[in-house]
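Have a look at the structure below, then the notes.
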Amino acid sequence: MSLFGEVPQATPVAVFKLSNDFKEDPNPMKVNLGVGAYRTDEGQPWVLPVVKKVEKIIVADNSLNHEYLPILGLPEFRSSASKIALGEDSPAIQENRVGAVQCLGGTGALKMGAEFLRRWYNGNDNMKTPVYVSAPTWENHNAVFANAGFEDVRPYKYWDAEKRGLDLGGFLGDLETAPKHSIFVLHACAHNPTGTDPTHVEWMQVAEVMKRRKLFVFFDSAYQGFASGCLDKDAWAVRYFVTQGFEMFCAQSFSKNFGLYNERVGNLTIVARDADNVRRVLSQMEKIVRVTWSNPPSQGARLVAITLNTAELLAEWWGRTQDNVKTMADRVLLMRASLQAKLQALGTPGTWDHITQQIGMFSFTGLNPKQVEYMIKERSVYLMASGRINMCGLTTKNIDYVAESIHETVV
Ligand code: PMP
């Protein structure tokens with residue numbers, strides 16, 4: 001009998017299982033709309049041109065080595081990443097009340113934030129504080145907070161399936177009734193999986209209730225740039241909350257907007273009341289990092305930091321009319337418009353305006369689990385059981401096939 005004989009088999013992670021099933025499918029027409037990664041119109045991963053350039057700069061730089069980074073990460077990465085979230089002229093940065101921790105991707109940033117909050121927020125080692133995540137949300141939110149020790153992870157109302165839009169009343173209602181000091185995980189932009197964000201006025205209403213009811217704001221910013229193609233516009237909610245005086249966390253991922261999925265580049269931005277609070281928070285963050293990964297990896301952080309800190313490279317990544325971020329955002333917009341047009345032309349029952357109204361990488365199609373099963377089994381079009389599709393999985397070559405598949409499934 002093995003020492004591991006009693007270990008139960010865990011269920012696979014849905015999105016990765018979907019990719020494996022896709023790989024094994026012999027159908028030449030197969031399409032993968034599951035995993036949340038950018039694809040070119042040839043259906044290929046895209047190494048951003050600016051990243052290729054910076055990779056060469058790093059290789060040529062003889063002053064760089066592979067010594068450990070500081071526990072909290074590469075300083076120039078942390079500060080430039082926080083600036084991208086909060087804005088160059090953020091009053092919080094000017095007032096020295098912003099700190100940051102370089103983390104392993106957006107997931108690592110959420111994890112560090114969750115571990116810190118469980119230990120130090122709302123009373124020492126407080127696992128009773130409710131953590132609210134949107135219904136629906138990126139499935140890992142629940143697990144990351146539960147795994148950090150929070151015993152009460154709950155959904156807050158967000159999506160109105162009937163009207164295929166934001167359930168603002170339900171959202172505000174849950175904010176009103178949540179116990180004081182509850183933690184709310186908010187998607188900064190391009191909500192995953194619904195592709196539906198609050199408007200500015202709606203964000204203002206959310207902020208008003210959160211401030212009045214003393215709720216903790218934990219932004220998850222995994223798609224900055226993907227919603228509108230503009231980094232500033234996509235950071236509007238985060239920056240608005242800062243102007244309202246919140247002390248808050250913002251978990252940033254550079255996986256999508258830099259195409260650095262496997263480099264694990266993330267940053268946890270901390271906005272506090274003053275410099276002294278930031279210092280003490282970071283001192284505790286350092287303890288948590290030390291027992292988790294001890295020191296972060298350098299390559300991804302260097303790529304991002306060099307890009308953000310070099311005017312010319314920054315403009316190539318984002319800031320010119322046709323920069324790398326815009327190239328990705330525009331392709332998503334094009335695919336949205338084409339898919340909607342094709343479904344309309346086919347006369348597919350139902351309204352498909354939500355395909356173009358939704359923003360970011362994903363669209364919440366409204367297909368139910370049975371229809372999703374049909375799409376996978378009969379058409380080899382792979383999508384999440386929730387009906388979420390990655391718009392980047394669509395190309396000018398496969399879009400007719402996908403539209404016909406949806407049509408056949410729905411009728
Ligand atoms: N938050 C959301 C909403 C996401 O969709 C993702 C990635 N799928 C992440 C966080 C994590 O990003 P990363 O891959 O950088 O860990």
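Note that this is a predicted model, so its numbers are computed, not measured. We count ligands from 1, going down the list as the structure has it; atoms in each ligand are counted the same way.
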| task | Could you name the protein residues that come within less than 4.0 Å of ligand 1, counting only heavy atoms, and order them by chain and residue number? | result | Gly105, Gly106, Thr107, Trp138, Asn192, Asp220, Ala222, Tyr223, Ser253, Ser255, Lys256, Arg264
| said: Students often mix this up, so state it plainly: with edges at 30° and 60°, are the rings of Tyr223 and Phe362 parallel, tilted or perpendicular? | reply: perpendicular
| remark: The residue among His141, Arg388, Glu139 that forms side-chain hydrogen bond (donor to acceptor under 3.5 Å, both in side chains) with Asn192 is Arg388
| Under 30°, 30 to 60°, or over 60°: which ring-plane class applies to Phe145 and Phe150, parallel, tilted or perpendicular? | tilted
| Verdict with supporting geometry, Phe171 and Tyr156, ring-ring contact (aromatic ring centres under 6.0 Å, His included) | CA-CA 6 Å; Phe171 186 1; Tyr156 62 85; 4.8 Å; yes
| task | Measure the acute angle between the ring planes of Phe219 and Phe241, then classify it against the limits of 30° and 60° as parallel, tilted or perpendicular. | result | perpendicular
| message | With salt bridge (charged side-chain N to carboxylate O under 4.0 Å, His left out) as the rule and sequence neighbours excluded, what pairs involving residues 308-319 come up? | response | Lys53-Glu316
